[in-house]
Amino acid sequence: MNARPTLSARNTPMAHASSHLRPLLRPVLPSLATLLLATALLSCLSSSPAAITTPSRRPLQSSSASPLRLNQLQLLATHNSYKLAPSPELRDYLASLLPADVPAALDYAHPDLTDQLENFGVRAFELDVYANPDGGRFAQRAGPKLAGINGTSPDGEMWVPGWKVMHTQDVDFETVALTLKEALGEMRAWSERRGAHVPVIVWVEPKRDQLPEGLVRLGNALLAASEAAGPDTFAEVLDINATLLLDLESEVLNAFTRDQLLLPGDLLTSDNTPLAQAVLPDRWPLLDDVRGKFVFVLDPAVRDIYLNARPALSGAVFFTSARAESGHEGMTDAIFVAAAEGPFKHQVERKEREDVLKNVAAAEISAAVGKGYFVRTQVDNMGVLTIAEARQNDTFRRDAFIAAGAHAIRTDFLRPSDLFPSTYSVPAVACGRSPCCNPVNAGGHEGCQMLE
C-alpha cells in the first residue's frame with residue numbers, strides 16, 4: 001500500500017493517475033482478466049446542512065416578458081458530463097485484452113463544466129456519483145495496477161469522505177470533477193457570474209453496480225500477482241439506501257442557497273395533489289420565475305428508494321424521473337422522463353434502423369412531450385458499445401430526436417472527437433444554439449428570439 005497523499009498532492013483533473021510507467025503485465029490467466037474487465041465495463045454501459053455564506057448576486061432579470069414555461073425549452077445536454085478518456089496506457093492495455101468494441105466505448109471526453117456552460121450553452125447535465133462516507137474507497141484503482149502502472153490516485157480529495165464523481169470504479173474513473181462538492185461548486189460559481197440564465201437541470205445517478213463475487217475473487221488474484229502500486233482488491237461499491245439519498249440531499253443543500261434551487265415543494269399545491277397532476281400538462285412554472293435556478297433530478301433506478309424516504313416528494317430536494325417504456329404515466333410523482341435512449345443497433349440495414357428511430361423512438365419522445373412531461377433523450381452512444389453515430393458521422397438519430405421535441409438533448413460529442421477521425425458533433429439544438437425554444441410546443445413563440 002502507498003502512503004496516503006496529502007491534499008497538496010492534488011493534480012489537475014486532466015492529469016492521469018499514473019505517472020510512472022512499468023512494463024505491461026502479461027497475466028498468466030489472460031482470459032480471466034478479459035472476463036473481469038469486460039464485465040466491469042458492460043455493467044456501466046448501462047443531517048442538517050451547514051450554513052452557507054452567500055456571495056452577492058446580480059439581480060435576476062428576464063430577457064423578455066415572455067410567458068414561456070419551463071417545459072417549452074430545448075436544452076443541449078451532456079451524457080456522463082464529467083467524463084475524461086482513460087489514460088493512453090490503460091486504454092492500450094484494455095485494447096490488448098478485450099474485444100475492440102469495449103475500449104472503443106470509452107473513447108469520449110467532455111470539456112470542464114464551466115466551459116460546457118459558458119461556451120457550449122449546455123444547460124442539462126448528468127453526474128454519476130458514488131457513496132464514500134468514510135473516504136478513500138476509490139482512491140486506489142485496480143485497472144491501472146492490472147496494466148502494470150501506478151493504481152494509487154495522487155489526488156488528496158479521493159481520500160476525503162463525500163460523494164465521488166466517475167463513470168466506472170477501477171477502470172473508467174478520469175473526471176473533470178473528482179467530487180460532487182467540486183462539481184456543484186463550479187456550477188454555482190458560474191451561475192452567480194452569469195445571472196439570469198434559464199434553469200440548469202442536473203440529473204444525478206447514484207451508482208450501485210457491483211461485480212459478481214466470483215469475478216471479484218479472480219480479479220483480486222490477478223491484482224496479487226501485479227508488482228505495480230495500487231489496491232489489493234477491487235473497490236466495493238456501496239448499495240444505495242434511503243439514508244445515503246438523504247445524505248445526497250444534504251450535499252446539494254450545502255452547495256446552493258435555497259433561492260438557487262427549484263424544489264418539488266415549489267410546485268406542489270396545498271391540497272396534497274400529486275405532483276404530476278399539479279403540473280401536467282401545462283402548469284409548469286413560468287420561465288421568468290425560475291431563472292438562475294438549478295433543478296436536481298434523480299435517476300429512475302433509485303426512484304422507489306427515494307419515495308420511501310420522501311413520500312409524495314414531501315420535503316424533497318430531488319425530483320424523481322421515470323423511463324418512458326416503464327409505465328411512467330401511472331407514476332404520480334414523476335414529471336421528468338427519459339425516452340428513446342436505446343438500444344438502437346447499427347448492425348441492421350440502415351433503412352430498417354431509420355424507420356425504428358423515426359416511427360418508434362421519435363414517436364415515443366413526441367408522445368411524452370405532448371402530455372406535458374419534461375423529456376430527456378440520448379442522440380448518440382447509448383445502448384450499444386460502439387460509438388456508431390460519431391464514428392460513422394451519422395446524424396439521423398440526432399436530427400430526428402431534436403425535431404421530435406425532446407427537452408434535454410444528450411450527447412457525448414459537443415465537438416468532433418480528437419480520439420478518432422470524425423466530424424460528428426451536437427453543437428446546438430433546434431434553433432442553432434442552446435438554450436432554445438422547443439420546436440414542438442413553443443415553435444414561433446414571441447419570446448424565442450433570445451432566451452439568455
Side-chain angles (χ1 to χ4, degrees), residues 32-46 79-86 90 94 97-99 101-106 108 126-134 136-146 151 153 158 162-175 177-180 183 203-220 222-223 231 233-245 247-248 297-306 318 321-323 326 338 341-343 378 381-385 410 412:
L32 297 181
T34 299
L35 183 60
L36 176 69
L37 292 173
T39 302
L41 292 171
L42 287 168
S43 70
C44 298
L45 295 168
S46 40
H79 166 242
N80 295 339
S81 305
Y82 53 85
K83 189 184 176 311
L84 297 174
L90 180 55
L94 295 174
L97 286 178
L98 305 174
D101 276 357
V102 178
L106 308 181
Y108 64 100
E126 180 194 43
L127 300 177
D128 293 334
V129 297
Y130 289 74
N132 186 205
D134 299 320
R137 181 174 293 272
F138 305 104
Q140 299 193 84
R141 289 82 176 246
K145 183 175 180 178
L146 287 175
S153 171
M158 294 303 296
W163 292 82
K164 303 302 185 288
V165 178
M166 73 187 94
H167 186 212
T168 309
Q169 72 277 12
D170 287 311
V171 178
D172 190 27
F173 47 79
E174 300 288 359
T175 173
L178 292 167
T179 67
L180 181 59
W203 270 270
V204 178
E205 180 178 353
K207 301 290 278 190
R208 57 199 302 198
D209 298 330
Q210 199 72 260
L211 289 172
E213 184 179 348
L215 288 177
V216 170
R217 285 198 301 268
L218 293 175
N220 292 344
L222 292 175
L223 287 171
T233 63
F234 274 73
E236 182 180 354
V237 178
L238 294 180
D239 198 7
I240 298 301
N241 56 38
T243 299
L244 286 173
L245 291 182
D247 180 71
L248 191 58
V297 185
L298 272 182
D299 187 81
V302 296
R303 171 182 169 270
D304 290 345
I305 300 172
Y306 191 56
F318 294 99
S321 64
R323 299 201 180 279
S326 61
E341 293 192 332
Q378 179 82 20
N381 186 36
M382 192 68 176
V384 290
L385 285 179
R410 289 204 312 177
D412 290 323

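Worth knowing before you read on, the calculation uses all heavy atoms, side chains too, and leaves out hydrogens, waters and symmetry mates. Just so it is clear, the model here is predicted, and its values are computed rather than measured.
By the salt bridge (Lys or Arg N to Asp or Glu O under 4.0 Å) test, Arg137 is found to be paired with no residue, residues two or more places apart in sequence or in another chain being considered. The side chain to side chain donor-acceptor pair (under 3.5 Å) test applied to Asp170 returns no partner, not counting sequence neighbours. Annotation: ring pair (Phe, Tyr, Trp, His ring centres under 6.0 Å) contacts of Phe318 (sequence neighbours excluded): Tyr306. In terms of the side chain to side chain contact (heavy atoms under 4.5 Å, CB included) criterion, residue partners of Ala131 (sequence neighbours excluded) are, by chain and number, Pro133, Trp163, Leu238, Leu244. Not counting sequence neighbours, Lys164 has no partner by the salt bridge (Lys or Arg N to Asp or Glu O under 4.0 Å) test. Shown here are the side chain to side chain donor-acceptor pair (under 3.5 Å) partners of Asn241, two or more places apart in sequence or in another chain: there are none. Partners of Ser321 by side chain to side chain donor-acceptor pair (under 3.5 Å), not counting sequence neighbours: none found.
Distance CG/Leu245 to CG/Asp247: 9.5 Å, rounded to 0.5 Å. Put simply, CD1 on Ile240 and OH on Tyr130 are 10.0 Å apart, with the number rounded to the nearest 0.5 Å. Of the inter-residue distances, the one linking Thr175 atom OG1 with His167 atom NE2 reads 11.5 Å to the nearest 0.5 angstrom. We find the CG-CG distance between Asp299 and Leu127 to be 12.0 Å, quoted to the nearest 0.5 Å.
Side-chain contact between Leu106 and Lys83 is present, with heavy atoms from C-beta onward closer than 4.5 Å. Using a 4.5 Å heavy-atom threshold, the side chains of His79 and Tyr108 count as touching. Contact of the Lys207 side chain with the Thr168 side chain is not registered, since no non-hydrogen atoms from C-beta on lie closer than 4.5 Å. Side-chain contact between Pro103 and Leu97 is absent, with no heavy atoms from C-beta onward closer than 4.5 Å. Residues Gln169 and Phe234 fail the side-chain proximity criterion, which asks for heavy atoms closer than 4.5 Å. In this structure the side chain of Leu94 reaches within 4.5 angstrom of the side chain of Val171, judged on heavy atoms. Side-chain atoms of Asp209 and Val237, non-hydrogen and from C-beta on, never get closer than 4.5 Å to each other. Taking the side chain as every heavy atom from C-beta outward, Glu174 and Leu90 never approach each other to under 4.5 Å.
You'll find the ring centres of Phe138 and Phe173 outside the 6.0 Å limit.
Of the charged side-chain nitrogens involved, none lies within less than 4.0 Å of a carboxylate oxygen, so that Arg141 and Asp172 do not count as a salt-bridged pair.
Nearest heavy-atom pair across Asn220 and Thr233 is OD1-CA, 3.2 Å. Residue Gly151 comes nearest to Pro144 through the heavy atom pair CA-CB, 3.8 Å, listed as atom of the first residue, atom of the second, then distance.
Between the side chain of Asn80 and the backbone N or O of Glu126 there is no donor-acceptor pair closer than 3.5 Å.
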